[in-house]
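As the structure is a prediction and not an experimental result, all values here were calculated from the model.
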There are 2 protein chains.
Amino acid sequence: MNASDHDKSCCEVVADHENLAKELLGGMPPEEDLYDLADFFKVFGDSTRVKILYLLLCSEMCVGHIADTLGMTQSAISHQLRFLKQMKLVSTQREGKTIFYSLADAHIESILSQGYEHIKE
Amino acid sequence: MNASDHDKSCCEVVADHENLAKELLGGMPPEEDLYDLADFFKVFGDSTRVKILYLLLCSEMCVGHIADTLGMTQSAISHQLRFLKQMKLVSTQREGKTIFYSLADAHIESILSQGYEHIKE
DNA sequence: CAAACATATGAGCATCTGCTCATATGTTCA
DNA sequence: TGAACATATGAGCAGATGCTCATATGTTTG
């Protein structure tokens, strides 16, 4: 069975099923935003990145320090930080040889804590 | 360079670097919770699932109707709904042959909207 | 019970992801 | 300038992911 085979009689009686679909789709953000949104949440969908974000919630940190604290390689952390930076969740500040990473978005803490509330139910 | 090779002198002077790491790790949720948290956010990290959640935000819907509205196969949607159910984001209610899915968590709307705020900056 | 309908599920496959390894880039200081 | 340090990055690989296709399960109705 593919997308167009659904017998609409299963749901409440609706005069024009196609128009309802359009109406529902019209009520949500545009397609492109939904992709961006999914990409944004992908950031939080990996435990390494979540750990990094939690660390940065306490204070800004350099790459090597994050790697040490999490017991991971500098390379792995650096790759993830690049991703976090692309997604504008962290920002950097160079001081000599070292580069400090810090959170760049105010929503992060509340998003994390709301997710945490969910899994703790 | 691996995790233990980092020369701690790059950061602020800290008396006992290892203890600081433990302290930072102690300030965040336990390892297992962080995995659960990442798994939770993984749900929002796919545009198909985000679309489903947005639809269910409007009203409960049956599988075939969701598939139709999104222009995807019944199978694809059913697989995703199973995942959403496992993660306790949706719940089901059978009425005869059809099964209605609805949101099962109050955090979903605010998590989605905070994510949306972020990408709209 | 058999046919029709709604949904669920397992296998298979192409793509994506997150790591490692080696190496490059950039900075400081002797 | 060259050595040491901090970070970035590209290639490659194993495992995860999201779909399709075929089929199974469950429900209603003739």
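No donor-acceptor pair closer than 3.5 Å links the side chain of A:Arg49 to the backbone N or O of A:Lys51.
Atom-to-atom distance recorded for A:Thr48:OG1 and A:Leu53:CG is 11.0 Å, nearest 0.5 angstrom. Atom OG of A:Ser91 is separated from atom CG of A:Asp105 by 10.5 Å, given to the nearest 0.5 angstrom.
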Could I get a table of every N or O pair under 3.5 Å where one atom is in the protein and the other is in nucleotides 9-12 of chain D?
{"residue": "D:dT9", "atom": "O4", "partner": "A:Ser75", "partner atom": "OG", "Å": "2.8"}
{"residue": "D:dG10", "atom": "O6", "partner": "A:His79", "partner atom": "NE2", "Å": "2.8"}

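Using a 4.0 Å cut-off, no side-chain N or O of B:Arg94 falls inside it from OP1 or OP2 of C:dA6. In this model, the phosphate group of D:dT17 is not approached by any side-chain N or O of B:Gln80 to a distance below 4.0 Å at OP1 or OP2.
Closest to the B:Tyr101 side chain, of the nucleotides C:dT7, D:dG18, D:dT28, is C:dT7. If you check D:dT7, D:dT28, C:dT20 against the side chain of B:Lys97, the one that comes closest is D:dT28. The side chain of A:Thr98 approaches D:dT7 more closely than any other nucleotide in the set D:dG18, C:dC19, D:dT7.
Under the 4.5 Å side-chain heavy-atom criterion for grouping Ile, Leu, Val, Met, Phe, Trp and Tyr, B:Leu34 is connected to B:Phe41 within one hydrophobic cluster.
As rounded to whole Å, 14 Å separates atom C1' of D:dA8 from atom CD1 of A:Ile66. Look at CZ on A:Phe100: it is 13 Å from P on D:dA8, rounded to the nearest Å. Here the C1' atom of nucleotide D:dC19 and the CG atom of B:Leu70 are 14 Å apart, to the nearest Å. What separates CZ of A:Phe83 from C1' of C:dC16 is a distance of 11 Å, to the nearest Å. We find that CG of B:Leu84 is positioned 12 Å from P of C:dA8, with the value rounded to whole Å. A straight line from CD of B:Gln93 to C1' of C:dT7 spans 16 Å, rounded to a whole angstrom. When rounded to the nearest whole Å, the span between NZ of B:Lys85 and P of C:dT7 equals 13 Å. The CZ atom of A:Arg49 sits 15 Å away from the P atom of C:dC16 (whole-angstrom rounding).
Annotation: of the two residues near DNA chain D, A:Ile99 and B:Lys42, the 5′-most nearest-nucleotide partner is A:Ile99.
The environment of A:Glu121 atom CD is dense: over 12 non-hydrogen atoms of other residues, nucleotides or ligands sit within 6.0 angstrom. No more than 12 heavy atoms of other residues, nucleotides or ligands lie within 6.0 Å of CD in B:Glu109, so this atom counts as exposed by the packing criterion. Taking a 6.0 Å sphere around OH of A:Tyr35, one finds it holds 12 or fewer heavy atoms contributed by other residues, nucleotides or ligands.
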